[in-house]
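Here is the structure we will look at.
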Amino acid sequence: MSRERVIVAGAGPVGLLTALGLARQGVPILLIEQEPGLTIDLRAGSFHPPTLEMMAPYGITDRMHETGIKVRRWQIRDRKNKDLVANFDLRLLADLTPYPYRLHLEQHRLTPIILDLLREEPSAEIRFSTQFVNAAQDDERVVVTVESNGEQEQLEARWLVGADGGRSAVRKASAVEFEGFTWPEEFFVVSTPYDLGQHGYAMNAYLADPDEWVAIFKMPGDGSPGIWRLAFPVDTSIPHDELTAPDALEARLQAFQPKSGTYPVSYRSFYRVHQRVAKDFRIGRIVLAGDAAHINNPLGAFGLNSGIHDATNLVEKLGAVWRGEAKPELLDLYTRQRRLATTDHVQAMSIRNKRTLEERDPEVRRRHFEELMHTAATPELARQYLVNSAMIASVQRARAVA
């Protein structure tokens, strides 16, 4: 058994990018994934400017643009009064980034791009249908127990990266506390090819409402004209089959935006939403990244983006440690930088965004809307707002941590 490698658990975008980044440095990689192939996840898919910059050197960003939709402006609206509260134009950031827009592309279209590139790397081995079971470590190695085809085996490595999602088996095996909470409602996601743009909605819009806010994202779908993805909060006590019954679903969509005829619906799903952060991102020779290290609600599109930020930060540091250019303690800096970015920016802003959309106090709502109107109408304030919401500030703040 060769220990001269890094094992990466999880073939989502974060695990794939971590494996690719290390393999490009000549680090021997074994990527394991319990599923028989890449999975289709239709939740994430909005990429911020820094994320596009981070993936560009690998050739990923150019390929994403072949299908992705450039979203240069996004909106905050008051659903009750049908009013546009604020319109933010990301072109205000054109001097800070070569990508002054969000790029919308479904996650399941990103993972094949990275996997194709990873397969070109001679130092990378990829094993699907291989489930992580447990891990033990000492000062020199990690012994990873996996199961494949009903049989267990032990694999040695110098390092193990857990990028195996919010229910991370690597995190659980490492007994790392996942601090935070779960929101009381579920998110109900519905996709339709009906063009909401004709009603004035930007390709990314958030509709505030104390009873039922809505988040809107236009995605490439299966091609022109694309699909519009809508997320609604729903009571967990209501059975899913009641919510997805044709009459109930049609009534919900018509209440959101009345139209003649029925809405065509191409996709619907439910998922619980959490705000949690691992107490530590490094446990000896085991390192956590992406959803294995932190999860948040999707309002603001921070989750997958912050996972990509984890991967690029980790790849730089773990590569230096592998080559003997730095001591393993450099990975503690990874934890400090990425955990601060997660708690102070990703968690704080995503919680704030959700509470803003569902605010019930009329006076608080009014004051907040007035503040947003003023911010959007004042270029200097709008620019700083976008620096924060586009995750430029979180990346800069993390880099400043020593």
Side-chain angles (χ1 to χ4, degrees), residues 7-18 32-35 39 41 43-44 107 131-137 142 144-146 159-187 233 236 270-314 317-318 331-355 391 394 397-398 401:
I7 295 178
V8 179
V14 177
L16 286 164
L17 186 61
T18 300
I32 60 173
E33 166 58 50
Q34 69 176 2
E35 298 298 329
T39 60
D41 188 330
R43 285 182 281 180
Q107 178 175 314
Q131 182 176 2
F132 172 90
V133 176
N134 208 341
Q137 61 175 307
V142 182
V144 180
T145 302
V146 300
W159 296 93
L160 168 64
V161 178
D164 52 338
R167 296 173 178 164
S168 172
V170 174
R171 185 189 66 243
K172 293 175 182 177
S174 303
V176 177
E177 187 177 351
F178 210 26
E179 301 173 328
F181 63 93
T182 299
W183 294 98
E185 68 271 48
E186 283 185 302
F187 279 27
T236 57
F270 299 86
Y271 59 96
R272 293 304 302 269
V273 183
H274 313 269
Q275 302 283 163
R276 296 187 182 276
V277 183
K279 193 168 185 177
D280 201 340
F281 290 9
R282 179 197 172 203
I283 312 91
R285 290 186 168 271
I286 300 173
V287 188
L288 304 176
D291 284 357
H294 48 81
I295 51 179
N296 57 271
N297 82 71
L299 299 176
F302 302 132
L304 175 53
N305 285 268
S306 60
I308 297 296
H309 300 181
D310 290 348
T312 53
N313 187 306
L314 176 58
K317 292 177 173 58
L318 186 51
L331 296 176
D332 293 331
L333 177 59
Y334 160 77
T335 290
R336 293 196 299 274
Q337 290 179 333
R338 294 307 309 151
R339 200 172 188 282
L340 179 138
T342 299
T343 56
D344 289 13
H345 291 266
V346 172
Q347 294 289 320
M349 288 193 297
S350 60
I351 291 172
R352 180 201 65 195
N353 288 348
K354 184 174 181 298
R355 288 178 173 160
M391 302 187 78
S394 71
R397 179 70 180 90
V401 174

Pair Lys317-Gln337, side-chain donor/acceptor within less than 3.5 Å: yes
Can you confirm whether the side chains of Thr182 and Arg276 place a donor and an acceptor under 3.5 Å from each other? yes
Do any N or O atoms from the side chain of Asn296 and from the backbone of Gln347 form a donor-acceptor pair under 3.5 angstrom? no
side-chain contact (heavy atoms from CB on, under 4.5 Å), paired with Ile286, selected from Val144, Ile7, Leu160: Leu160
Taking Glu185 for its side chain and Pro233 for its backbone only, find out whether a donor-acceptor pair lies under 3.5 Å. no
Pair Arg167-Lys172, side chain to side chain contact (heavy atoms under 4.5 Å, CB included): steps then yes or no: CA-CA 8 Å; Arg167 296 173 178 164; Lys172 293 175 182 177; 4.1 Å; yes
Check: Pro298 and Val273 side chains under 4.5 Å, non-hydrogen atoms: yes
Are the side chains of His294 and Leu288 in touch, meaning some heavy atoms are under 4.5 Å apart? no
Any chance you could measure Ile295, atom CD1, to Phe178, atom CZ, to the nearest 0.5 Å? 4.0 Å
Has the side chain of Gln34 got a donor or acceptor atom that lies under 3.5 Å from a matching backbone atom of Phe132? no
Short question: side chain of Arg272, backbone of Trp183 - any donor-acceptor pair under 3.5 Å? yes
Would you check if the side chain of Glu33 reaches a backbone N or O of Glu35 as a donor-acceptor pair within less than 3.5 Å? yes
For the pair Arg171 (side chain) and Gly166 (backbone), establish whether a donor and an acceptor sit closer than 3.5 Å, ignoring hydrogens and angles. yes
Can you tell me how far apart NE2 (His345) and CZ (Arg397) are? Round to the nearest 0.5 Å. 6.5 Å
Paired with Arg338, the salt bridge (charged side-chain N to carboxylate O under 4.0 Å, His left out) test is passed by just one of Asp310, Asp344, Asp280, namely Asp310
Main chain of Val170, side chain of Asp164: is a donor-acceptor contact present, judged purely on distance under 3.5 Å? yes
May I ask you to test the Leu331-Leu314 pair for a side-chain heavy-atom distance under 4.5 Å? yes
Do any N or O atoms from the side chain of Gln137 and from the backbone of Arg285 form a donor-acceptor pair under 3.5 angstrom? yes
